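Handing you a structure now.
If you're wondering where the values come from, they're calculated on a predicted model, not measured in any experiment.
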Amino acid sequence: MSLQIIRQGLLDTIQDCGRQGHRHLGIPPGGAMDIFSAVLSNALLGKGATGPVIELHFPAASIMFHRDTIITLAGGDFSPAINNIPVPLHQPIVAPAGSRLTFGDHSSGARCYLSVLQGLSCSSWLGSCAKGPGAGDAMLKAGDIIEFSEEINLGAVVRKGMQVLHWGVVPPPHDLVDIECMYGDEWNRLQQASQQQFLESVYTISPVSDRMGYRLI
């Protein structure tokens, strides 16, 4: 076995960058809610950007690694620790077999993405492992085992035990971001004052949101 969910988190699932090219069939692309962080977690390990990752919400799952690996965590800061030793985001971490990843307090963000060097083995549909709006059935539960998709011998790297490797990134702030919009056919039906209000307002994402879309307040 490769990694195991020891304690269940809040709607944690395996995600990737989604399935493209099927909207004409009524199939949305789906994928990670924070594509930037999901891609970043893979890129820091030199992996293909679109590979599967574990999307974690707070309170997040506790995870045991049964094989040597190197991981990265990107996105929300849930105060991660390996064997009770705090570890950083956005930086590769050597996790020898037997290491346990846990999360403490919520510091920032809504989702954190876990990538492992060997990749995650998952069932694919239309070229993607992404789970859709009804992801509850695919939620990772205590006792679930996820196998790695590759064999990589890390014996020389793990001799020093758990360690944080020396490269990483400082991601852009997520507190305020611009939202791109496209004018629809109805745009000209709005009065000019309403158009200006729409374009210049600050919005908050409503709790009434899901993988199909965000509702803005």
Side-chain angles (χ1 to χ4, degrees), residues 1-16 32-45 47 52-120 131 135-136 138-146 148 154 157-158 160-177 204-205 207 209-211:
M1 75 178 57
S2 299
L3 67 79
Q4 184 176 12
I5 306 300
I6 302 300
R7 188 188 68 186
Q8 182 174 321
L10 177 66
L11 198 59
D12 298 334
T13 57
I14 296 177
Q15 297 288 343
D16 55 22
M33 294 288 281
D34 180 357
I35 291 289
F36 177 88
S37 295
V39 168
L40 178 59
S41 67
N42 280 326
L44 283 167
L45 294 175
K47 296 163 50 63
V53 295
I54 296 179
E55 182 180 77
L56 301 161
H57 302 75
F58 192 83
S62 296
I63 299 172
M64 175 73 75
F65 299 102
H66 292 287
R67 290 168 54 194
D68 300 334
T69 189
I70 300 176
I71 69 169
T72 53
L73 296 160
D77 186 354
F78 301 162
S79 304
I82 292 182
N83 299 334
N84 297 319
I85 301 173
V87 293
L89 298 173
H90 311 122
Q91 203 164 344
I93 304 159
V94 176
S99 298
R100 181 165 179 165
L101 172 65
T102 56
F103 298 89
D105 297 326
H106 176 272
S107 296
S108 65
R111 295 165 189 87
C112 180
Y113 293 86
L114 167 66
S115 178
V116 300
L117 180 64
Q118 295 97 326
L120 302 174
K131 309 305 176 186
M139 180 172 59
L140 298 175
K141 302 175 177 63
D144 284 355
I145 295 171
I146 304 172
F148 294 160
L154 297 173
V157 178
V158 300
K160 296 180 180 179
M162 193 279 289
Q163 56 186 303
V164 178
L165 301 181
H166 66 274
W167 66 89
V169 297
V170 178
H174 290 276
D175 52 349
L176 286 175
V177 295
T204 301
I205 296 176
S209 300
D210 58 26
R211 292 185 180 276

Backbone of Cys112 reached by a side-chain donor or acceptor of Asp34 within 3.5 Å:
no
Residue pair Leu120 / Ile146: nearest heavy atoms and the distance that separates them
CD2-CG2, 4.0 Å
Could you report the tightest heavy-atom contact between Ala32 and Tyr113, atom names first, then the distance?
CB-CE2, 3.6 Å
CZ-CD distance between Arg111 and Gln15, expressed to the nearest 0.5 angstrom:
10.0 Å
Which atom names give the shortest non-hydrogen contact between Ala74 and Ser37, and what distance separates them?
CB-O, 3.4 Å
Are Asn42 and Ser115 close enough that a side-chain donor and a side-chain acceptor fall under 3.5 Å?
yes
For the side chain of Ser2 and the backbone of Phe148, is there at least one donor-acceptor N/O pair under 3.5 Å apart?
yes
Output side-chain donor-acceptor pairs under 3.5 Å for residues 88-101, partner residues at least two apart or in another chain, one line each.
| residue | atom | partner | partner atom | Å |
| --- | --- | --- | --- | --- |
| His90 | NE2 | Gly75 | N | 3.2 |
| Gln91 | NE2 | Leu165 | O | 2.8 |
| Ser99 | OG | Pro96 | O | 2.7 |

Between CG of Leu114 and CD1 of Ile14, what distance do you get to the nearest 0.5 Å?
10.0 Å
Rounded to the nearest 0.5 Å, what's the gap from OG on Ser107 to CZ on Phe58? Could you check?
8.5 Å
Identify the heavy atoms of Met139 and Lys141 that sit nearest to each other, and give their distance.
O-NZ, 3.1 Å
Which heavy-atom pair separates Phe78 from Ala60 by the least distance, and what is that distance?
CD1-CB, 4.1 Å
Please round to the nearest 0.5 Å and tell me the distance separating atom CG of Leu11 and atom NE2 of His57.
5.5 Å
Are Arg7 and Thr102 packed together at the side-chain level, in the sense that at least one heavy-atom pair is separated by less than 4.5 angstrom?
no
In Å, rounded to the nearest 0.5 Å, how long is the span from CD of Glu55 to CE of Met33?
7.0 Å
State, to 0.1 Å, how close Ala61 and Leu56 come at their nearest heavy-atom pair, and which atoms those are.
N-CD2, 4.3 Å
Less than 4.5 Å apart, any side-chain heavy atom of Leu3 and any of Ile145?
no
CD of Gln118 to NZ of Lys47, rounded to nearest 0.5 Å, is 8.0 Å
